[in-house]
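As a basis for the values below, the full set of heavy atoms in this structure was taken, side chains included, without hydrogen atoms, waters or symmetry mates.
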Amino acid sequence: MNEQISLIPYPLSLKQEKGTFKTPKTFELLLSKVEYSKAKEYNGFSLENKEAYALVISTKKILVLSSAKQGKFYAEQTLKQLFLSYKEEIPCLTICDKPEYEWRGFLLDTSRSFYSVAFIKKMLDIMALHKFNVFHWHLTDDQGWRFEVPEYPKLVKVGSVRMDNTLPEEKYGVYDDRDPGKMFYAEKDIKDVINYAAKRCITIIPEVEFPGHVSALLASYPELGCTGGPYKVENRWGIFPDVLCLGNDKIFKLYDAAIGTLARLFPGPYIHIGGDECPHERWETCPKCKKRMKENHLSKSSELQSWGTSQIVKLVLKHNKIPIGWDEVLDNTDKIPVPAELTIQSWRGEEGGNTAVGLNHKVIMSPVTHVYLNLKNKKDVEEPGRLGSITCQKAYSFSPFTKKMKKAQRPLVMGGECCLWTEALPYSKSTEYLLFPRMCAVSESLWLPLEKKDFERFENCLDVHKKRLHDLNFGYYDGGLK
């Protein structure tokens with residue numbers, strides 16, 4: 001009887017053949033012996049999808065067939081997993097493989113906790129091994145602004161550092177015990193990360209928050225808030241009442257510059273504009289906001305956000321990018337509809353995605369119930385992470401195409417994204433512990449069609465896969481999966 005071949009995500013089709021292929025001592029040498037061939041199909045399996053591949057391992061040679069560099073790269077990642085486990089002799093296999101979803105994403109919040117370029121590269125490596133292809137880079141929030149905008153230097157001079165709870169108020173630093181130093185990504189850092197990601201077939205999507213989660217921005221330019229301040233870069237977690245003054249046209253000059261910078265630096269087609277968790281109370285008493293509401297015939301302050309969203313979408317389109325917003329952009333849109341060009345990322349559950357496809361918007365599914373990996377692994381364990389829990393089995397059950405969506409709406413569902421929000425996660429090893437193995441589970445949920453998923457098989461594969469994680473110097477949770 002053939003042994004279980006342990007791969008994550010598991011291939012669409014795998015057939016074990018007789019014999020083994022004897023490998024060289026290093027993976028680099030192994031790759032040098034692989035034969036590559038561009039092809040549109042293999043034994044009736046279509047390779048037209050640029051991420052599809054066929055991997056044929058015989059006793060004499062290894063052959064990879066694909067129609068594009070992405071398929072070739074994913075074949076190499078499958079081969080890398082096999083090499084890590086079998087070392088000297090890899091079982092002979094025939095694999096035909098391709099992903100179910102085009103968007104297989106991971107969000108890392110580098111605003112609440114600032115992570116080094118080296119750690120981001122480490123994450124890109126492990127994303128590639130699991131065939132993720134989108135890195136959603138959360139660059140701004142209440143707790144820090146992390147990229148330079150040349151026209152607005154205070155965004156990083158002031159907005160990238162925050163008060164330390166343990167220090168006198170006049171001293172600035174960060175909330176953990178590291179040297180505060182430079183707490184933003186310079187242009188050269190961003191280019192370095194982009195180039196590193198591109199070699200791993202990963203597109204980076206930058207996010208700039210609007211119109212809430214902007215304490216760092218307001219601390220830098222207080223005239224852009226409704227009250228004029230004083231504001232500070234927050235060292236607390238939560239949702240804060242001070243947001244952008246949507247009656248002030250100067251905010252759009254800043255966002256034009258910020259979006260222009262992101263559009264220039266990031267070659268990917270998308271820019272994320274945030275839109276989540278924005279309180280409206282300041283707008284209710286702000287003269288400028290009330291004037292804006294009157295000009296646009298808005299009866300409620302909450303409707304002002306839909307007007308602001310429409311303006312930011314225009315800026316993103318002006319810079320030849322496609323805008324993405326969190327599902328709150330669907331709220332209070334009776335008078336000013338959601339712009340047709342806006343892709344919706346549904347996080348509060350599945351309803352945002354269900355509503356969005358009904359309105360003919362493309363969607364990315366990230367329900368907090370299944371893929372927010374900053375939540376604990378289990379209810380009854382002491383560990384870093386937020387209140388609430390998601391088991392590995394729950395993460396594995398995630399499907400971007402929900403039960404309420406209609407078959408005809410499937411083309412609108414781009415895929416899904418797991419998220420790591422980093423409140424109280426200043427150390428990278430803590431993040432690894434929360435991410436794995438649940439990130440492995442999400443990778444398979446985004447790669448395989450629903451009918452091909454098998455949690456029992458995944459569990460068996462994970463026993464071997466944890467050894468790979470260990471060998472690659474990744475921490476992981478080693479408790480129960482259910």
Run the numbers on Phe132 and Ile126 for side-chain contact (heavy atoms from CB on, under 4.5 Å), then give the verdict. CA-CA 9 Å; Phe132 285 92; Ile126 204 69; over 6 Å; no
Test log, rule salt bridge (Lys or Arg N to Asp or Glu O under 4.0 Å), inputs Lys72 and Glu76: CA-CA 6 Å; Lys72 172 178 175 286; Glu76 292 173 353; 3.0 Å; yes
Would Lys61 and Glu35 satisfy salt bridge (Lys or Arg N to Asp or Glu O under 4.0 Å), going step by step from the backbone distance to the final call? CA-CA 8 Å; Lys61 68 177 182 178; Glu35 295 182 20; 3.6 Å; yes
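Thr203 places no side-chain N or O within donor-acceptor distance of the main-chain N or O of Gly268, the cut-off being under 3.5 Å. Looking at Thr422, its side chain does come within 3.5 Å of a backbone N or O of Asp109 through a donor-acceptor pair. Using modelled atom types, one side-chain atom of Glu444 and one backbone atom of Tyr10 make a donor-acceptor pair closer than 3.5 Å. Without hydrogens or angle criteria, Ser66 side chain to Gly71 main chain gives no donor-acceptor distance under 3.5 Å. The backbone N or O of Gly349 sits less than 3.5 Å from a side-chain atom of Ser346, completing a donor-acceptor pair. Put simply, the side chain of Glu432 gets close to the backbone of Gly475: a donor and an acceptor are under 3.5 Å apart. The main-chain N or O of Ser111 is found under 3.5 Å from a side-chain atom of Arg146 such that the two form a donor-acceptor pair. With Tyr372 contributing its side chain and Ser366 its backbone, the two residues share no donor-acceptor pair below 3.5 Å. Within the 3.5 Å criterion, the main-chain N or O of Lys87 finds a donor-acceptor partner in the side chain of Thr23. When atom types are taken as modelled, the side chain of Asn133 and the backbone of Ile202 share no donor-acceptor pair closer than 3.5 angstrom.
Atom CD of Glu88 is surrounded by 12 or fewer heavy atoms from other residues, nucleotides or ligands within 6.0 Å. Residue Lys429 qualifies as enclosed at atom NZ: its count of foreign heavy atoms under 6.0 Å is above 12.
Listed here is the closest heavy atom pair of Ile194 and Pro267: CG2-CD, 3.7 Å. The two atoms that bring Gln70 and Lys50 nearest to each other are CB-O, 3.4 Å, heavy atoms only. Taking every heavy atom of both residues into account, Gly144 and Val233 meet most closely at N-CG1, 4.0 Å.
Residues meeting the side-chain contact (heavy atoms from CB on, under 4.5 Å) test with Val117, sequence neighbours left out: Lys121, Tyr185, Asp189, Asp192, Val193. His138 meets the ring pair (Phe, Tyr, Trp, His ring centres under 6.0 Å) test with Trp421; sequence neighbours excluded. Under the rule for a ring pair (Phe, Tyr, Trp, His ring centres under 6.0 Å), His361 has no partner lying at least two apart in sequence or in another chain.
With no hydrogens or angles considered, a side-chain donor-acceptor pair links Tyr53 and Thr78 at under 3.5 Å. Between the side chains of Glu417 and Trp347, no donor-acceptor pair of N or O atoms lies under 3.5 Å. In the model, Ser58 has no side-chain atom that pairs as donor or acceptor with a side-chain atom of Glu17 under 3.5 Å. Counting only N and O atoms by type, the side chains of Tyr433 and Asn377 include no donor and acceptor under 3.5 Å apart. Checked by atom type, the side-chain pair Arg104/Ser443 shows no donor-acceptor distance below 3.5 Å.
Taking the ring centre of Tyr396 as origin, the terminal cationic atom of Lys453 falls inside the region bounded by 6.0 Å and 45° from the ring axis. For Lys122 and Phe474, the positive end sits near the middle of the six-membered ring, less than 6.0 Å away and at most 45° from its axis.
With Lys404 as reference, Glu351 is the one residue of Glu350, Gln409, Glu351 to meet the side-chain hydrogen bond (donor to acceptor under 3.5 Å, both in side chains) rule. Screening Val371, Leu420, Val134 for a side chain to side chain contact (heavy atoms under 4.5 Å, CB included) with Phe106, the sole residue that qualifies is Leu420.
Using a 4.5 Å cut-off on side-chain heavy atoms (C-beta onward), Val329 and Val313 make no contact. Counting heavy atoms from C-beta on, the side chains of Asp327 and Val363 never come closer than 4.5 Å.
Checked against a 6.0 Å centroid threshold, the rings of His272 and Trp326 count as neighbours.
Looking at Asp331 and Arg348, a side-chain N of the basic residue comes within less than 4.0 Å of a carboxylate O on the acidic one, giving a salt bridge.
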